[in-house]
Structure formats: C-alpha cells, structure tokens
Amino acid sequence: MRFVGFGKEKLMDLFTDQQPTVQQIVKDAYLLKSFALRNQTQLLADLTQLLEASPLRNMVTPGGFSMSVAMSNCGELGWVSDRKGYRYATHDPLTDKPWPAMPNSFRTLAQQSASAVGYENFHPDACLINQYKVGARMSLHQDKNELDFNQPIVSVSLGLPAIFQFGGFERADKTVSLLLEHGDVVVWGGESRLRFHGILPVKAGQNTALNCRINLTFRRAGK
DNA sequence: TAGTGTCC
DNA sequence: CACG
C-alpha cells in the first residue's frame with residue numbers, strides 16, 4: 001500500500017487492488033484506469049448520434065452565470081440547471097422532447113464499472129454528458145439532486161486529460177487531486193456518495209482524437 | 001456558490 | 001474572499 005499524504009485530514013489512502021487497473025480512494029471511491037477503452041468506438045459513435053438529437057448547450061446557474069461546461073443528457077432523466085435551480089427533467093428544455101435513450105454501450109459500461117468495485121445493482125436512469133473545451137472547469141459541488149443516495153456515481157472520462165478534485169462533505173474541506181485520462185472511470189458511493197468534487201480548468205492538450213474532454217456521469221436520479 | 005471578479 |  002502506498003500512502004499519499006494530503007493535508008490535515010490525511011484524506012487519502014491509495015492502494016492497488018488485485019486488479020491492476022482498480023484503485024480505491026478514501027472509502028467507497030474508486031479509480032479504474034483505462035476501464036472504458038475496450039468499447040470506445042461504439043461509445044463514441046453512440047455519443048455522436050444522441051448529441052444530434054439533444055445538442056450540447058451551456059446551461060445557466062441559479063446565480064445567473066453561464067457554465068463553461070457544455071451539457072446534454074441521455075436516459076429517462078436529465079440533469080438541468082437554469083435560474084430556477086438544479087433538477088432532473090424527463091424532457092430536454094431545448095427541444096421539448098424526451099432525452100435520447102441511454103445507449104446499450106453506455107449502460108453496459110456503467111454497470112460493469114459499478115460491478116467491478118462491488119456495486120452489483122446499479123440501475124442508472126440518467127447520464128449527464130459534459131463537454132469541457134480547453135479552459136472549461138467545474139467548481140466543487142455535490143451530486144445531491146438524486147432521490148436515492150444508495151446508488152453510486154459512475155464517471156467516465158474521454159478525450160483530453162483533466163485534474164479531478166475529490167473533497168470532503170463541506171466545500172472548504174481539503175481535497176485530493178487525481179489525473180483523469182482518456183478511458184478512466186471513477187466510481188463513488190456509500191459513505192463517499194455526497195463528497196464534494198470538481199474539475200480544474202482543462203489545459204490545451206496532447207494529441208488526442210478529441211480536442212476536448214467529454215465526461216459521462218451515470219446516476220440513479222429517480223426512485 | 002455545478003461562478004466570478006477582486007483584493008492583498 | 002465577498003458577493004448574491
């Protein structure tokens with residue numbers, strides 16, 4: 001086991017599991033390196049298709065600021081933000097149509113990721129698609145608009161690398177930083193389900209097929 | 001506070 | 001770090 005010291009709370013013990021690609025972070029949080037690479041061709045094809053139906057758009061926060069991350073959704077429910085607040089909606093406010101169905105390639109990856117770290121009954125009904133162009137960021141926040149915190153969060157990273165910050169249960173708590181690269185998956189649930197997390201501004205990058213970072217976040221939003 | 005501008 |  002390799003201890004990685006991070007500040008006052010010694011937040012992180014990071015160690016390698018039996019599977020060389022799976023690392024556990026703090027409690028009930030896992031990094032699966034390169035886990036999404038196997039099916040990436042199908043994944044990207046499905047992504048392109050569903051974004052034609054529900055395009056990426058920059059949503060507005062309740063405070064009135066435009067988010068630097070462009071978003072869309074697929075699945076029964078989609079996360080939306082506007083001046084009224086954050087919530088899940090069955091329909092895309094841009095098209096007034098239901099969000100595109102969650103492709104099998106998406107669902108399978110999410111469930112396999114969750115199973116790989118012990119969440120055997122993950123049934124996502126929502127997939128938030130985040131596009132980070134160079135410079136885009138996501139400040140520390142909690143995923144707490146879902147109805148059932150017993151199900152984990154599965155986050156899939158594609159394209160440009162980014163630094164993921166994983167914190168505590170208050171915004172000011174010490175955070176740890178993880179480099180998330182193309183194909184990496186982060187899963188957190190249980191006692192870590194409501195930890196603050198965020199993404200530092202994405203830097204102009206390497207020679208990737210995508211000139212941006214795409215993040216797929218799978219959740220059980222409804223009951 | 002799922003942001004931003006500004007100060008020291 | 002204050003601001004809304």
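The sequence lines fix the lettering, A, B, ..., with proteins before strands; numbering per chain opens at 1. Note that the coordinates shown come from a computational prediction; the quantities given were computed from them, not determined experimentally.
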All pairs passing ring-ring contact (aromatic ring centres under 6.0 Å, His included) where residues 102-142 of chain A contributes a residue, at least two apart: H141(A)-H197(A)
Sugar-phosphate only, base, or nothing, as touched by N130(A) at under 4.0 Å among non-hydrogen atoms: nothing
Sugar-phosphate only, base, or nothing, as touched by T61(A) at under 4.0 Å among non-hydrogen atoms: sugar-phosphate
d(CZ, R171(A); C1', dT4(B)) in whole Å: 13 Å
Salt bridge (charged side-chain N to carboxylate O under 4.0 Å, His left out) partners of R213(A), counting only residues at least two apart: none
Interatomic distance at P, dC8(B) relative to dT4(B), whole Å: 23 Å
For atom CG of N58(A) and atom C1' of dG3(B), their distance in whole Å: 13 Å
Whole-Å gap separating P (dT1(B)) and CZ (R83(A)): 18 Å
For S139(A), side chain to side chain donor-acceptor pair (under 3.5 Å) partners two or more places apart: none
Protein-nucleotide distance (F196(A), atom CZ; dG3(B), atom P), rounded to Å: 13 Å
Check: S54(A)/D92(A) side-chain N/O donor and acceptor closer than 3.5 Å: yes
N or O in side chain of S139(A) less than 4.0 angstrom from dT1(B) OP1/OP2: no
Touch class at under 4.0 angstrom, heavy-atom based, for M67(A) against every strand present: sugar-phosphate
N104(A), CG: over 12 other non-hydrogen atoms inside 6.0 angstrom: no
Gap between atoms CZ and P, on R137(A) and dG5(B) respectively (whole Å): 11 Å
Compile the donor-acceptor pairs under 3.5 Å between side chains in residues 181-189 of chain A and protein atoms, sequence neighbours left out, one pair per line.
residue : atom : partner : partner atom : Å
E181(A) : OE1  : K33(A)  : NZ           : 3.0
H182(A) : ND1  : G159(A) : N            : 2.9
H182(A) : NE2  : Q40(A)  : OE1          : 2.6
D184(A) : OD1  : S34(A)  : N            : 2.9
D184(A) : OD2  : K33(A)  : NZ           : 2.6
D184(A) : OD2  : E181(A) : N            : 2.8

By side chain to side chain donor-acceptor pair (under 3.5 Å) - contacts of R87(A) (at least two apart): D82(A)
Nucleotide dT4(B), atom P - distance to CG of L200(A) in whole Å: 14 Å
Integer-rounded Å distance: dT4(B) P and H141(A) NE2: 14 Å
Nearest-Å distance once atom P is located in both dG3(B) and dC7(B): 23 Å
Interatomic distance where CG belongs to L140(A) and C1' belongs to dT1(B) [whole Å]: 10 Å
For DNA chain C, the dot-bracket pattern of Watson-Crick and G-U pairs whose distances stay under 3.5 Å, | for other-strand partners: |||.
